[in-house]
Asker: 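Attaching a single structure in structure tokens format; questions to follow.
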Amino acid sequence: MTYLQLCYISTMRAPVGPAECEDILAVSRRNNGRDGITGLLVVGTTRFLQLLEGPPSAVRAAYARIKADPRHYAAVVVSERQVEERDCPDWAMGYVPGGADKRAELQALVERLAAPIANKNVRAQFTGFAALQAA
């Protein structure tokens, strides 16, 4: 089976706290489990970075829902490609609440979550994003 792998970045309209992040992840897991989508979501200080992978029509529908979500704007596709295997067969989310003293913690978490991603370019998108959030 061929999967669509889509990675996007978007900007938050307002800061997202731990409870809201947990809600986002719970809804994502429910919807994406239903639709056969897996991936990785990282919440930075002002941006979301997400990898979606699954059946092409389901990934495109999920991305359309995400773009319509009022919690963020300026969603931009960073990469899109067909793959034979998923890089993230299970859902994961990286988020560390707090200020500047927690940024290195987010970077370490994202590096751990992204380590299994086989495609070095996709992995670099996540580790680079985390490094920018830690700066």
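Just so you know, residue 1 is the first one in the sequence shown, and it goes up from there. Below, each value reflects all heavy atoms present in this structure, side chains not excepted, and no hydrogens, waters or symmetry copies.
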Asker: Using a cut-off of 6.0 Å, state whether more than 12 heavy atoms not belonging to Glu85 lie near its atom CD.
Answerer: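 12 or below, so no.
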Asker: Do Glu84 and Met1 pass the side-chain contact (heavy atoms from CB on, under 4.5 Å) test, and can you show the C-alpha distance, the side-chain angles, and the key distance before you say yes or no?
Answerer: CA-CA 6 Å; Glu84 297 296 320; Met1 178 175 206; over 6 Å; no
Asker: Assess whether side-chain contact (heavy atoms from CB on, under 4.5 Å) is satisfied between Arg47 and Phe129, documenting all intermediate values.
Answerer: CA-CA 9 Å; Arg47 292 194 166 72; Phe129 177 80; 3.8 Å; yes
Asker: List the steps, then state whether side-chain contact (heavy atoms from CB on, under 4.5 Å) holds for Tyr3 with Val59.
Answerer: CA-CA 9 Å; Tyr3 302 103; Val59 168; over 6 Å; no
Asker: Begin with the C-alpha distance, continue with both residues' side-chain angles, and end with the deciding distance and a verdict on side-chain contact (heavy atoms from CB on, under 4.5 Å) for Arg29 and Leu25.
Answerer: CA-CA 6 Å; Arg29 283 184 172 144; Leu25 186 57; 3.5 Å; yes
Asker: Just to verify, what does Ser57 make a side chain to side chain donor-acceptor pair (under 3.5 Å) with, not counting sequence neighbours?
Answerer: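 Side chain to side chain donor-acceptor pair (under 3.5 Å) check on Ser57 returns nothing, list empty.
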Asker: Kindly give the heavy-atom pair with the smallest separation between His72 and Arg13, and that separation in Å.
Answerer: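 Answer, listing the atom of His72 first, then Arg13: O-NE, 3.8 Å.
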Asker: Only counting residues at least two apart or in another chain, list the ones meeting side chain to side chain contact (heavy atoms under 4.5 Å, CB included) with Asn121.
Answerer: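 Only Asn119 meet the side chain to side chain contact (heavy atoms under 4.5 Å, CB included) criterion with Asn121.
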Asker: Is there a side-chain contact between Gln82 and Gln5 in this structure, where contact means two heavy atoms from C-beta onward sitting under 4.5 Å apart?
Answerer: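 No - every pair of side-chain heavy atoms lies 4.5 Å or more apart.
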Asker: Report yes if the side chains of Leu51 and Val122 come closer than 4.5 Å at any heavy-atom pair, otherwise no.
Answerer: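 In short, these two side chains touch, coming nearer than 4.5 Å.
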Asker: Locate the shortest heavy-atom distance separating Ala75 from Ser10; write the atom from each residue and the value.
Answerer: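 For Ala75 versus Ser10, the nearest heavy atoms are CA-CB, 3.8 Å.
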Asker: Heavy-atom distance under 4.5 Å between the side chains of Thr2 and Val83, does that happen here?
Answerer: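 SC-SC contact between Thr2 and Val83 ruled out.
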Asker: Any side-chain heavy atom of Phe48 sitting closer than 4.5 Å to one from Ile24?
Answerer: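 In short, these two side chains touch, coming nearer than 4.5 Å.
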Asker: List the residues meeting salt bridge (Lys or Arg N to Asp or Glu O under 4.0 Å) with Arg81, not counting sequence neighbours, and say none if there are none.
Answerer: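 If we apply the salt bridge (Lys or Arg N to Asp or Glu O under 4.0 Å) test to Arg81, skipping adjacent residues, the hits are Asp87.
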Asker: Closest approach of Gln50 and Tyr8, non-hydrogen atoms and distance?
Answerer: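 Heavy atoms of Gln50 and Tyr8 come nearest at OE1-OH, 2.5 Å.
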Asker: What pairs with Ser79 under side chain to side chain contact (heavy atoms under 4.5 Å, CB included), at least two apart in sequence or on another chain?
Answerer: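 Partners of Ser79 under the side chain to side chain contact (heavy atoms under 4.5 Å, CB included) test: Cys7, Gln125.
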Asker: Restricting to pairs with a member in residues 116-127, which pass salt bridge (Lys or Arg N to Asp or Glu O under 4.0 Å), not counting sequence neighbours?
Answerer: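 Matches after skipping sequence neighbours: none remain.
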Asker: Mind listing the side-chain donor-acceptor pairs of residues 35-44 below 3.5 Å, one per line with the distance, residues two or more places apart or on another chain?
Answerer:
{"from": "Thr38", "atom 1": "OG1", "to": "Glu53", "atom 2": "OE2", "distance (Å)": "3.3"}
{"from": "Thr38", "atom 1": "OG1", "to": "Arg86", "atom 2": "NH1", "distance (Å)": "3.1"}
{"from": "Thr38", "atom 1": "OG1", "to": "Cys88", "atom 2": "O", "distance (Å)": "2.7"}

Asker: Testing the basics here: between Phe126 and Leu49, what is the closest heavy-atom pair and its distance to 0.1 Å?
Answerer: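 Phe126 and Leu49 have their closest heavy atoms at CD2-CD2, 3.5 Å.
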Asker: Let me check something: do Tyr73 and Ile9 share a hydrophobic cluster, defined by ILVMFWY side-chain heavy atoms less than 4.5 Å apart, either directly or through other members?
Answerer: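 No, Tyr73 does not connect to Ile9 through the hydrophobic network.
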